[in-house]
Student: 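I am attaching a structure below and will ask some questions about it afterwards.
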Amino acid sequence: MSTSSSIRVRFAPSPTGMFHVGGARSALFNWVMAAQSGGTLVLRIEDTDASRNSPEWTEGIIRALAWLGMDGEQYEGPYFQSANADKHVEAARTLREQGRAYYCDCTREAVVARTGDQHKGYDGFCRDRGLEPGPGRALRFRTPDEGQTTVVDLLRGKPVFDNAVLEDFVIARADGSVTFLLANAVDDMSQGITHVVRGEEHLSNAPKQQLLWEALGGEPPVWAHVPVIVNEKRQKLSKRRDKVALEDYRAEGYLAEAMRNYLMLLGWAPSGDREIVPWDVIVDEFRIEDVNSSPAFFDVKKLRAINGEYIRALPEQKFIAECLPFLQEAPFDVDVAVFAELAPLAQTRVALLSEIVQMIDFVFLDEPPADEQSWNKAMKEPAADILAAAEAAYQDAPWNAAELKDRLERVGAEHGLKLGKTQAPVRVAVTGRTVGLPLFESLEILGRDRTLARIAAARAKLAASS
């Protein structure tokens with residue numbers, strides 16, 4: 001990708017076993033920001049936590065990004081934070097030698113005992129004790145006692161943090177491994193990162209990271225802390241409570257283009273009061289400064305509606321191709337040529353690709369699926385008479401949708417019923433459900449023999465229950 005601009009934005013996910021939709025939005029925001037400037041998107045995997053460092057999880061991140069449209073051509077990397085471990089340790093050593101960090105053996109219990117407040121931060125007890133490295137001793141950064149740290153944030157202006165309220169924070173654990181704050185600062189500096197777009201939950205870390213940059217002789221990046229994503233109860237999305245894994249949405253049959261479009265709307269709005277926006281228009285119009293700082297509601301209903309719009313806009317052959325992976329997992333064999341006949345009927349009626357299986361199963365099953373609720377709803381008087389009349393009318397009918405509809409309308413007229421009421425028992429007899437594909441086109445594809453056999457079976461079932 002082009003590197004004609006000095007702007008270098010980074011996306012730095014941690015392997016967690018799933019790719020959070022919030023992380024996916026941050027990745028997209030970073031990608032668009034880099035693309036607009038002719039700059040570089042840097043992908044760095046934060047893999048220093050051994051308990052969360054799994055090659056499978058890292059591959060999951062790469063696959064998720066590729067599904068969204070970010071393959072290896074769209075970013076530099078991936079880099080792995082673990083590869084920079086020596087630089088992290090060296091930075092920690094430098095800070096200590098400069099007097100900007102010191103060793104501390106305080107436990108949390110000891111701090112609470114001294115302060116009398118379990119919510120209060122570290123009290124600086126070890127600042128001047130001159131401790132050397134040793135078991136149980138972590139390295140803390142000495143924050144300034146006076147002054148302020150100003151964070152330049154493209155969404156939030158210039159938040160100011162009093163240095164006096166910033167506790168001396170740990171930058172290296174007792175085992176020598178460095179913490180997230182220092183590792184990120186070192187990696188950003190070594191990779192020339194100029195802009196960081198990330199979730200607002202990291203805003204409180206920004207002054208600490210800026211102090212580290214400055215102590216190590218670097219110029220802090222420009223930040224953009226995007227709004228938290230919340231559920232319908234305005235609670236922050238949680239993997240323990242909400243569906244947040246991008247992989248789950250893909251498995252349900254959401255299209256990458258629809259998901260990408262929707263995620264870009266979480267905090268930002270395109271011109272013209274519209275929601276379905278081509279990607280090239282998004283790239284042209286999006287400005288990180290225009291992102292709203294208020295929490296963004298992850299509206300699954302809206303996402304589903306947008307996905308339906310994208311599905312309906314697919315070329316027919318593309319729709320068939322997108323459906324095939326779901327049909328291959330179906331508990332019945334699918335004749336692709338027959339499905340191709342059904343596809344135009346189904347494409348306007350599914351909002352998720354996974355819905356295609358239940359939409360067309362009646363054609364490929366030996367018997368229609370059993371749905372007791374649909375049966376009870378449709379098989380009321382005069383259902384038996386309608387089925388008998390329909391069976392007779394269809395015996396010698398030219399087998400095309402228009403003629404099948406015309407004959408059933410005549411049956412309904414004889415019973416004083418409109419077509420909607422007349423076709424309900426026929427639909428359930430043949431397809432098993434009260435809703436589905438257009439009935440008469442479905443009958444045409446199903447064929448005369450199978451249609452008549454199912455109507456006869458339904459009549460027999462009704463007779464046996466009367």
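The chain is numbered in sequence order, starting from 1.
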Student: Let's go through Arg450 and Asp366 carefully: what are the C-alpha distance in whole Å and the side-chain angles of both, what is the deciding distance for salt bridge (Lys or Arg N to Asp or Glu O under 4.0 Å) to 0.1 Å, and is it a yes or a no?
Tutor: CA-CA 9 Å; Arg450 296 178 72 194; Asp366 293 334; 5.7 Å; no

Student: Is the CD atom of Glu201 crowded by more than 12 outside heavy atoms at less than 6.0 Å?
Tutor: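 Enclosed.
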
Student: Test Asp333 against Phe364 for side-chain contact (heavy atoms from CB on, under 4.5 Å), laying out the working first.
Tutor: CA-CA 7 Å; Asp333 294 330; Phe364 301 101; over 6 Å; no

Student: Is there side-chain contact between Thr194 and Ile7, with at least one heavy-atom pair below 4.5 Å?
Tutor: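 SC-SC contact between Thr194 and Ile7 confirmed.
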
Student: After noting the C-alpha distance and the side-chain angles of Leu95 and Leu212, does the key distance pass the side-chain contact (heavy atoms from CB on, under 4.5 Å) rule?
Tutor: CA-CA 9 Å; Leu95 290 172; Leu212 288 171; 3.9 Å; yes

Student: Hey, are Thr115 and Asp117 close enough side-chain-wise for a donor-acceptor pair under 3.5 Å?
Tutor: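 No.
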
Student: Would you say the side chains of Asp47 and Gln81 form a donor-acceptor pair under 3.5 Å?
Tutor: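 Judged by distance alone, the side chains do not pair up.
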
Student: Starting at CG of Leu41, measure out to CG of Asn30 and round the result to the nearest 0.5 Å.
Tutor: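 Here the rounded value is 6.0 Å.
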
Student: Both conditions, 6.0 Å and 45 degrees, for the charged tip of Arg140 above the ring of Tyr122: are they met here?
Tutor: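 Yes, a cation-pi geometry holds between Arg140 and Tyr122.
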
Student: Run Glu285 and Arg274 through salt bridge (Lys or Arg N to Asp or Glu O under 4.0 Å) and show every step you take.
Tutor: CA-CA 13 Å; Glu285 291 192 1; Arg274 53 187 171 159; 3.0 Å; yes

Student: Do the non-hydrogen side-chain atoms of Ile62 and Pro78 ever get within less than 4.5 Å of each other?
Tutor: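 Counting from C-beta outward, Ile62 and Pro78 do come under 4.5 Å.
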
Student: Mind checking whether Leu65 and Phe11 have side chains closer than 4.5 Å, heavy atoms only?
Tutor: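 Side-chain contact under 4.5 Å: yes.
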
Student: Consider salt bridge (charged side-chain N to carboxylate O under 4.0 Å, His left out). Of Glu275, Glu309, Glu232, which one does Lys302 pass it with?
Tutor: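 Answer to the salt bridge (charged side-chain N to carboxylate O under 4.0 Å, His left out) test with Lys302 among Glu275, Glu309, Glu232: Glu275.
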
Student: So, the side chain of Asn307 versus the backbone of Gly253: is there a donor-acceptor pair under 3.5 Å, distance only?
Tutor: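 Yes, Asn307 side chain to Gly253 backbone: donor-acceptor pair under 3.5 Å.
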
Student: Please evaluate residues Tyr254 and Tyr310 with respect to the criterion ring-ring contact (aromatic ring centres under 6.0 Å, His included), reporting the C-alpha separation (whole Å), side-chain torsions for both, the decisive distance (0.1 Å), and the verdict.
Tutor: CA-CA 9 Å; Tyr254 285 91; Tyr310 271 88; over 10 Å; no

Student: Start with the C-alpha gap between Arg349 and Leu437, add the side-chain angles, then the distance that decides, and say whether side-chain contact (heavy atoms from CB on, under 4.5 Å) holds.
Tutor: CA-CA 7 Å; Arg349 286 166 171 77; Leu437 301 183; 4.3 Å; yes

Student: When rounded to the nearest 0.5 angstrom, what distance separates NZ in Lys301 from CG in Asp299?
Tutor: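 CG of Asp299 is found 7.5 Å from NZ of Lys301.
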
Student: Measure the CH2-CD distance between Trp67 and Glu257 for me, rounded to the nearest 0.5 Å.
Tutor: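 Spacing of CH2 (Trp67) from CD (Glu257) equals 8.5 Å.
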
Student: Would you say the ring centers of Phe286 and Phe29 fall short of 6.0 Å from each other?
Tutor: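 Under 6.0 Å, so yes.
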
Student: Do side-chain atoms of Asp242 reach the backbone of Ser238 as a donor and acceptor pair under 3.5 angstrom?
Tutor: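 Judged by distance alone, yes, a pair lies under 3.5 Å.
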
Student: Under a plain distance cut-off of 3.5 Å, with no hydrogens placed, do Arg173 and Ser177 share a side-chain donor-acceptor pair?
Tutor: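 Checked: Ser177/Arg173 side chains pair up, N/O donor to acceptor below 3.5 Å.
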
Student: Show the numbers, then the answer: is there a side-chain contact (heavy atoms from CB on, under 4.5 Å) between His20 and Leu237?
Tutor: CA-CA 9 Å; His20 196 289; Leu237 284 188; 4.2 Å; yes

Student: For Asn376 and Glu372, indicate whether the former's side chain and the latter's backbone hold a donor-acceptor pair under 3.5 Å.
Tutor: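 Yes, because the side chain of Asn376 sits within donor-acceptor range (under 3.5 Å) of the backbone of Glu372.
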
Student: Quick check: does any side chain N or O of Arg241 sit under 3.5 Å from a backbone N or O of Lys236, one acting as donor and the other as acceptor?
Tutor: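 Answer holds: yes.
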
Student: Roughly how far apart are Glu341 CD and Ile445 CD1, rounded to 0.5 Å?
Tutor: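 If I round to the nearest 0.5 Å, the distance is 5.0 Å.
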
Student: Go through the steps for His225 and Arg156 under the test side chain to side chain donor-acceptor pair (under 3.5 Å), then give the verdict.
Tutor: CA-CA 8 Å; His225 290 92; Arg156 302 164 193 277; 5.3 Å; no

Student: Do Thr179 side-chain atoms and Ala172 backbone N/O form a donor-acceptor pair below 3.5 Å?
Tutor: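 A pair under 3.5 Å: no.
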
Student: Answer whether the closest heavy-atom distance between the side chains of Glu322 and Leu255 falls below 4.5 Å.
Tutor: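 Contact flag for Glu322/Leu255 side chains = yes.
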
Student: Are more than 12 heavy atoms from other residues, nucleotides or ligands located less than 6.0 Å from atom CD of Glu247?
Tutor: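 Enclosed.
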
Student: Can you check whether Asp162's main-chain N or O pairs, donor with acceptor, with Gln148's side chain at less than 3.5 Å?
Tutor: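 Looks like no, no N/O pair under 3.5 Å.
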
Student: Do the side chain of Asp153 and the main chain of Gly157 share a donor and acceptor less than 3.5 angstrom apart?
Tutor: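 Such a contact is absent between Asp153 side chain and Gly157 backbone.
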
Student: Taking Asn84 for its side chain and Lys87 for its backbone only, find out whether a donor-acceptor pair lies under 3.5 Å.
Tutor: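 No: the side chain of Asn84 does not pair with the backbone of Lys87.
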
Student: To the nearest 0.5 angstrom, please state how far the CZ atom of Arg93 sits from the CG atom of Leu139.
Tutor: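 CG of Leu139 is found 11.0 Å from CZ of Arg93.
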
Student: Is it the case that more than 12 heavy atoms not belonging to Glu289 sit under 6.0 Å from its CD atom?
Tutor: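 Count over threshold, so yes.
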
Student: Just one of Gln209, Gln210, His195, His202 clears the side chain to side chain donor-acceptor pair (under 3.5 Å) bar with Trp223, so which one?
Tutor: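 Of Gln209, Gln210, His195, His202, side chain to side chain donor-acceptor pair (under 3.5 Å) with Trp223 is met by Gln210 alone.
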
Student: Regarding Arg44 and Gln191, do their side chains bring together a donor and an acceptor under 3.5 Å, going by distance alone?
Tutor: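 Yes - a donor-acceptor pair under 3.5 Å links their side chains.
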
Student: How long is the span from the CZ atom in Phe141 to the NZ atom in Lys208, to the nearest 0.5 Å?
Tutor: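 Between Phe141 CZ and Lys208 NZ, I get 11.5 Å after rounding to 0.5 Å.
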
Student: Say whether Tyr102 and Asp168, considering side chains only, have a donor N or O and an acceptor N or O under 3.5 Å apart.
Tutor: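 Per modelled atom types, Tyr102 and Asp168 side chains form a pair under 3.5 Å.
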
Student: Quick check on Asp335: does its CG atom have over 12 non-hydrogen neighbours (other residues, nucleotides or ligands) under 6.0 Å away?
Tutor: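 Result for CG/Asp335: enclosed.
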
Student: Examine distances only and state if a side-chain atom of Arg96 and a backbone atom of Ala101 form a donor-acceptor pair shorter than 3.5 Å.
Tutor: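 Side chain of Arg96 to backbone of Ala101: no pair is present.
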
Student: Measure centre to centre between the rings of Tyr249 and Phe298, then say whether the value is under 6.0 Å.
Tutor: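 Between Tyr249 and Phe298, the centre distance is under 6.0 Å.
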
Student: Using a distance-only test with no angle check, is there a side-chain donor-acceptor pair under 3.5 angstrom linking Ser293 and Glu200?
Tutor: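 On atom types as modelled, these side chains do not qualify, holding no pair under 3.5 Å.
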
Student: So, do Ile360 and Leu327 sit near enough that their side-chain heavy atoms are less than 4.5 Å apart?
Tutor: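 Ile360 reaches Leu327 side chain to side chain.
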
Student: Decide yes or no for Gln347 and Pro344: does some side-chain heavy atom of the first lie under 4.5 Å from some side-chain heavy atom of the second?
Tutor: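 In short, these two side chains do not touch, never coming nearer than 4.5 Å.
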
Student: State, yes or no, whether a side-chain contact exists between Leu266 and Phe297 at a heavy-atom distance under 4.5 Å.
Tutor: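 No, too far: nothing below the 4.5 Å cut-off.
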
Student: Would you mind checking if Arg304 and Glu355 are paired as a salt bridge, meaning a charged N to carboxylate O distance below 4.0 Å?
Tutor: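 Salt bridge flag = yes for Arg304 with Glu355.
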
Student: Quick one: are Leu265 and Ile306 in side-chain contact, heavy atoms under 4.5 Å?
Tutor: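 Touching, per the 4.5 Å side-chain cut-off.
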
